[in-house]
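Note sheet for the following structure.
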Amino acid sequence: MSSKIIQVNERPPLSQAIPLSIQHMFAMFGASVLVPSVFGIDPAIVLLMNGVGTLLFILITKGRAPAYLGSSFAFLAAGGVVIQKYGFEYAQGGFVAVGICGCILALIVYKFGTNWIDYVLPPAAMGPVVALIGLELASNAASNAGLLDETIDMKNVVVFLITLCVAVFGSILFRKFLAVIPILIAIIAGYVAACIAGIVDFQTVADASFFSLPHFQLAKFNMEAIVTMLPVLLVIASEHIGHQIVTSKVVGRDLLKDPGLHRSLFADNFSTALSGLIGSVPTTTYGENIGVMAMTKVYSVWVIGGAAVFSMVCAFIGKLSALISSIPGPVIGGISFLLYGMIGASGLRILVDAKVDYGKARNQALTAVVFVTGLSGISLNFGGVQLTGMVLACVVGMIMGLLFYIFDKLHWTNDREEEEEVVEASVASSLEKK
């Protein structure tokens with residue numbers, strides 16, 4: 001694969017930028033459209049507001065933080081409760097309230113800084129938390145591909161393998177510009193294979209109108225609906241911090257410092273509030289697109305902004321969005337299989353780069369408990385919000401990190417490292433005497 005890196009502020013030639021942007025749009029499309037499908041609303045308004053939110057994010061972060069905003073899965077449980085009881089308009093009101101509270105949280109972060117993250121989430125905890133962002137989604141990739149079905153269709157397996165193999169070997173073997181669009185090439189190859197296998201449904205494309213307008217509707221507010229939704233703020237804040245940290249590792253620059261966590265957190269939540277206000281679903285930085293950046297080494301906000309524009313165009317061209325929607329699960333699963341793994345590997349990279357010493361009991365305990373919490377399937381319920389997976393692991397890691405910090409301040413911890421050095425020195429002295 002090409003070693004050339006396209007940095008955050010670099011603007012590739014248009015001939016390169018267009019396929020790179022399309023690659024990012026394809027990466028987010030499958031998961032992002034799933035959320036409005038679950039809520040039973042028009043996907044076009046979601047595609048429009050994902051694009052608008054992404055452009056706002058780039059603007060607010062001064063073009064220094066590459067991120068694509070797609071539909072957030074964090075609101076599914078609480079949103080479902082509110083929709084069932086009051087209707088989607090009142091769920092929108094909850095989205096707006098959470099977004100506004102997230103903006104307030106961003107102002108608090110601006111006031112008090114981000115140094116606290118190093119204390120409550122040291123590398124031994126942050127590494128596995130970031131890894132869990134990708135690892136807990138692994139089953140989703142397999143499920144999309146049809147690999148977890150009770151009866152496995154070999155057509156799905158073949159399409160999945162073709163897509164995955166083109167992406168993996170393409171990232172290694174492709175040269176020049178092809179080396180930075182292996183995801184796009186893999187999607188095209190997988191789609192062709194799916195057409196040959198006969199698992200693509202073109203009826204929705206035929207039925208779709210050429211031009212269409214997204215469905216707009218204003219939010220309605222109810223205090224009970226808002227209270228039901230507010231605990232999700234903890235989920236999206238944890239998710240956002242994790243995504244910014246893993247993106248920092250990918251691009252080689254601390255995005256928590258520049259442009260600052262307060263800017264990215266504000267942009268993310270402002271987009272959520274605006275999106276909910278006019279009829280769409282909440283937005284969030286997307287792991288799939290982080291995986292694309294990690295794999296291709298293309299970090300340009302111009303490319304991501306181009307993907308946002310394409311998403312907005314798709315919102316008004318019914319046949320184009322229907323054609324993209326026709327990409328079957330095995331193709332999406334094949335791509336996700338690799339991209340989620342790339343995020344998991346980025347978490348392990350945090351441990352390596354920070355040179356975490358697992359000779360220390362605290363580091364072993366932090367990593368072990370965070371990993372097991374995230375992968376065990378246990379959950380905690382607060383009202384209509386369920387804490388599980390990476391989010392619950394992040395909360396547990398923060399509590400443990402904070403307790404260890406307090407123990408250090410109170411001098412309650414045994415300095416295992418100094419004890420081991422004394423033992424090693426004693427052993428060495430005894431060997432010299434012998």
Side-chain angles (χ1 to χ4, degrees), residues 6-12 17-36 43-75 95 99 102-103 106 183-184 214 236 239-240 242-244 246-248 250-251 255 259-261 263-294 296 298-317 320-321 324 339:
I6 299 180
Q7 286 292 353
V8 175
N9 57 350
E10 287 188 52
R11 187 174 184 175
I18 289 176
L20 288 171
S21 294
I22 293 174
Q23 178 173 250
H24 267 291
M25 185 184 69
F26 278 148
M28 73 83 197
F29 197 94
S32 201
V33 171
L34 180 60
V35 176
I45 184 66
V46 174
L47 291 175
L48 175 64
M49 295 312 299
N50 284 354
V52 171
T54 300
L55 294 179
L56 284 172
F57 186 95
I58 293 172
L59 178 65
I60 294 171
T61 58
K62 299 182 176 181
R64 298 176 186 170
Y68 193 95
L69 299 191
S71 306
S72 174
F73 283 76
F75 290 79
F95 302 156
C103 291
I183 301 298
L184 179 58
I236 61 175
E239 183 181 56
H240 181 87
H243 283 177
Q244 288 304 101
V246 69
T247 305
S248 296
V250 169
V251 304
L255 301 179
L261 178 61
R263 286 186 180 276
S264 62
L265 192 59
F266 181 89
D268 197 347
N269 284 278
F270 181 73
S271 172
T272 287
L274 179 62
S275 185
L277 183 65
I278 63 174
S280 186
V281 300
T283 59
T284 183
T285 49
Y286 243 43
E288 288 87 341
N289 299 86
I290 297 173
V292 170
M293 288 190 288
T296 63
V298 177
Y299 316 137
S300 172
V301 293
W302 293 95
V303 169
I304 292 176
V309 172
F310 281 128
S311 180
M312 294 165 66
V313 170
C314 283
F316 294 94
I317 302 179
L320 182 56
S321 60
I324 298 174
L339 297 183

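Minimum heavy-atom separation, Val46 to Ser71: CG1-OG, 3.0 Å. Pairing each heavy atom of Thr247 with each of Met293, the nearest pair is CG2-CE, 4.1 Å. Nearest heavy-atom pair, Ile236 versus Phe75, reported as atom, atom and distance to 0.1 Å: CG2-CE1, 3.7 Å. The heavy-atom pair separating Val251 from Tyr299 by the smallest distance is CG1-CG, 3.7 Å. When all heavy atoms of Phe57 and Asp268 are compared, the closest pair comes out as CD1-N, 4.0 Å. Annotation for Pro282 and Thr272: closest pair CB-CG2, 3.6 Å, computed over non-hydrogen atoms.
Using modelled atom types, one finds no donor on one side chain facing an acceptor on the other under 3.5 Å when comparing Thr283 with Ser275.
Here OG of Ser271 is found 7.5 Å from CG of Asn50. Values are rounded to the nearest 0.5 Å. Here Ser300 contributes atom OG and Asn9 contributes atom CG; the two are 8.0 Å apart, rounded to the nearest 0.5 Å. For the atom pair CD1 of Ile60 and CG of Leu265, the computed distance is 11.0 Å after rounding to the nearest 0.5 Å. Considering CG of Leu184 and CE of Met25, their distance stands at 9.5 Å, rounded to 0.5 Å. Distance check: Trp302 CH2 to Ile58 CD1 gives 9.5 Å after rounding to the nearest 0.5 Å. Between atom NE2 of residue His240 and atom OG1 of residue Thr285 there is a gap of 6.0 Å, rounded to the nearest 0.5 Å.
Residues Gln23 and Thr296 form a side-chain contact, since some pair of their non-hydrogen atoms from C-beta on lies under 4.5 Å apart.
A distance-only check finds no donor-acceptor pair linking the side chain of Thr54 to the backbone of Tyr68 [under 3.5 Å]. Ser248 places a side-chain N or O within donor-acceptor distance of the main-chain N or O of Gln244, the cut-off being under 3.5 Å. Between the Ser311 side chain and the Ala307 main chain, no donor and acceptor come within less than 3.5 Å of each other. A donor-acceptor pair under 3.5 Å links the side-chain atoms of Asn289 to the main chain of His24, judged by distance alone. In this structure, Arg263 contributes its side chain and Thr61 its backbone to no donor-acceptor pair below 3.5 Å. For Ser21 (side chain) and Val303 (main-chain N/O), a donor-acceptor pair under 3.5 Å exists by modelled atom type.
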Exercise for the section: Test side-chain contact (heavy atoms from CB on, under 4.5 Å) on Leu55 and Met312 and set out the steps. Expected result: CA-CA 11 Å; Leu55 294 179; Met312 294 165 66; 3.8 Å; yes
